[in-house]
2 protein chains.
Amino acid sequence: MQNGSGHFLPAVSIDNVIFGFHQNELTVLLLQAKSNQRWMLPGGFIGKEEDLDAAAARILTARTSLTNVFLQQFHVFGSAKRNRKEHLGEVLRTLGIELTAESWFMQRFITIGYYALVNYEQVIPQPDETSLTCCWQDVRKLPLMLFDHEHIIAKALQVLRLQLNYQPIGYTLLPKEFPLKSLQTIYETILGRKLDRSNFNRKLLSYGILEKKEKHYTGAAHKAPFLYSFREDMYFKALENGLEKDF
Amino acid sequence: MQNGSGHFLPAVSIDNVIFGFHQNELTVLLLQAKSNQRWMLPGGFIGKEEDLDAAAARILTARTSLTNVFLQQFHVFGSAKRNRKEHLGEVLRTLGIELTAESWFMQRFITIGYYALVNYEQVIPQPDETSLTCCWQDVRKLPLMLFDHEHIIAKALQVLRLQLNYQPIGYTLLPKEFPLKSLQTIYETILGRKLDRSNFNRKLLSYGILEKKEKHYTGAAHKAPFLYSFREDMYFKALENGLEKDF
DNA sequence: CCAAAAGTGTTAGGGGTACACCCATGT
DNA sequence: ACATGGGTGTACCCCTAACACTTTTGG
C-alpha cells in the first residue's frame, strides 16, 4: 500500500466507516496519522484486478482481523478538492515521499465510502505503517479529522438511519445473545432520540427474526431481562428482501 | 472524450440512467454503438479537476441539451470483470483504437451510476461519435445492452422505488401543469403495480407540494380533470428534508 | 422497603386500503 | 343514453404513540 503505482487503480480509494457499539455509545474505528496527528478512516486502494467489494473487505480485515462482516457501499465522495488540503503535504513528508507534482499520491482522488457494523468486543484494532494508533472513537465526540473524513462519517450515519427502516440492524453489532434493551439503545443512538420500550419490543419481535432464550443474570438492581438471539435464516432473508414497507 | 488519457481520470467512468416518461411508459435514454449494435447508457469520464457531480451533469447535458435536472448518484459498479467482455474488442476496433494491453480504454473501469428524471418532451437526443443513434427505449423492453448496462438500469430502478418513499418525484418528469392521473401513472410504472386513485390523490395532496389549477380540456370521453403544478418552494424543501417518515 | 428496569396491557388517533357513489364529458 | 374516468366520501383495519400497572431484582 505504500507504493501503489503498480498494483492499484489510480485516482480511486476506499474509506471504511466501521461502527461498533460500546457502553451505550456508537463508536467508529479510526487511525491517527503519524504526520500531523489528525485522525482518519481506515482506507486503502483497489487492486488492479480486484472487485470493489473485495477491496473494501480486505481493508476492513487488515484493521480489525474480522471477516464476513456487514459491509456496504454507501456513497462516493468526488469533490475535486477533497484531498488537496494543507494536510496532504504533511502526510507525504512523513511517509518519506517526495512532493513532486507527479507523485502517485499527489493526484486527485475519488473515494468510495463503505460502512460496516461490527461487534466491538471481537475487534483487535491494528494500526498501519502510517499511523500512531488505531482505536475506537465516540461518534458524537470526533477528534480533529483528516481531509473530509468527518463529512464521510456524517453521511454514513445519515444513510444508516434510513437503512434502519429496511434492514435488520444489530446482528453484527451484538454478541450472540443479548437483552432487547441493548438493541433498543443501538436504535436510539443511531436515530438520536429515545424510543418507547414497550413499542420497540413489540415491533422488533413482530418481525420474527428474534428468538427468546433463557434468563439473564446481571449485577444490576433490577429485574433480569430475557436474552434474545437472531434467527439466522430469517435474518439473512430480511437482509435480502428488506423488512417490508413500501409506498 | 475520444482520447482521454490526458484530460480525464483513469479507471473511473460515469454512466447516466436518464428516465423519461412518455405515453404512460417509463423510458430510458440510450445510445446504440456503431461497433456492435449493442445499446449503452450515456456515459463519460471525469475531468482531472472536475467535481464528480459536475461531470455527470456535463455528460447528461451533452446528450439531452438539458441543464439543471434532477440527477443523483446511486451506486458504484466495481466488478473487476464488468467491462472485459467480448464487447470491448469490437468497440475499440470501430473507434480505430489499437488493441494493445496498454491502451487507455483497455484498463479495468469502475463506473459510477447516476440517475436522472427528465421531461421527455424537452429532450433533444444527441448521439455521440461512437453511436448510430440516441433515443428513448421502454424500460420494460430493453434491447441488447453493452457490458453490464442492463444491470445498472435495474439497480437504478430499484433505488428509485425506495426514493419514492422519501423524495417528491415527478416535478422533473412532467410538464408545468398536469393532471394527477399522470403522476399516479408514473408512480405505478416505477412501482410496477396499480394504486388506488382515491387514496393516491389524498396522499399526494396531503404533502402540500401540489397546487390546484384550472380545468383541463381534453378530447377524451370523460370528465375533464383538474390540472396541478408543483409548489416550487415546498418541492425543494421536501427534496432536502424528505417527506417525513422514520422509524 | 425502595429504586430501577423488565414485562404486560390498554387506549386513542392516524394513515392506509378497499370500496361505494355521484359528476362531467364525448361518442 | 351510455361508457369512461374524475371527484368525493366512508367504513374498516392495522400500526403506532403514549402511558399505566405489575413483577423481579439488588441495594
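Just so it is clear, the model here is predicted, and its values are computed rather than measured. The figures that follow rest on heavy atoms only: side chains count, while hydrogens, waters and symmetry mates do not. In what follows, every chain begins at residue 1, and chains take the letters A, B, ... in the order their sequences are listed.
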To the nearest Å, how far apart are A/Asp196 CG and C/dG9 P? 15 Å
Determine yes or no for a side-chain-to-main-chain donor-acceptor pair under 3.5 angstrom, with A/Thr172 supplying the side chain and A/Val69 the backbone. no
Spacing between B/Leu205 atom CG and C/dG15 atom P, to the nearest angstrom: 14 Å
By nearest heavy atom, map A/Ala224 and B/Asn201 onto DNA chain D; which one lands nearer the 5' end? B/Asn201
5′-ward residue of the pair B/Ser206/A/Lys212 relative to DNA chain C: A/Lys212
Indicate yes or no for a side-chain donor-acceptor contact from A/Asp196 to the backbone of A/Asn199 under 3.5 Å, with no hydrogens or angles considered. yes
Whole-Å distance separating the CG atom of A/Asn165 from the P atom of D/dC15: 16 Å
Whole-Å distance separating the CG atom of B/Leu204 from the P atom of D/dG7: 13 Å
Name all residues meeting the ring-ring contact (aromatic ring centres under 6.0 Å, His included) criterion together with A/Phe230; count only those two or more places apart in sequence or in a different chain, and write none if there are none. A/Tyr171, A/Phe178, A/Tyr235
Whole angstrom value for the distance that separates P of C/dA24 from CZ of B/Phe226: 10 Å
Verify the neighbour count for atom CD of A/Glu240: are there more than 12 heavy atoms of other residues, nucleotides or ligands below 6.0 Å? no
Roughly how many Å is it from NZ in B/Lys223 to C1' in C/dC23, rounded to a whole number? 4 Å
Where do N or O atoms of nucleotides 10-14 of chain D meet protein N or O atoms at under 3.5 Å, pair by pair?
| residue | atom | partner | partner atom | Å |
| --- | --- | --- | --- | --- |
| D/dT10 | O4 | B/Arg202 | NH1 | 3.2 |
| D/dT10 | O4 | B/Arg202 | NH2 | 3.3 |

If we ignore hydrogens and angles and just use 3.5 Å, is the side chain of A/Arg231 paired with the main-chain N or O of A/Leu210 as donor and acceptor? no
Is it true that atom CG of B/Asp233 has more than 12 heavy atoms of other residues, nucleotides or ligands lying nearer than 6.0 Å? yes
For D/dC15, does OP1 or OP2 lie under 4.0 Å from any side-chain N or O of A/Lys203? no
What is the distance, rounded to the nearest whole Å, between atom NZ of B/Lys181 and atom P of C/dA24? 20 Å
NE2 of A/His222 versus P of D/dT23: gap in Å, rounded? 19 Å
Given B/Arg161, B/Arg193, B/Lys194, the one that forms salt bridge (Lys or Arg N to Asp or Glu O under 4.0 Å) with B/Glu188: B/Lys194
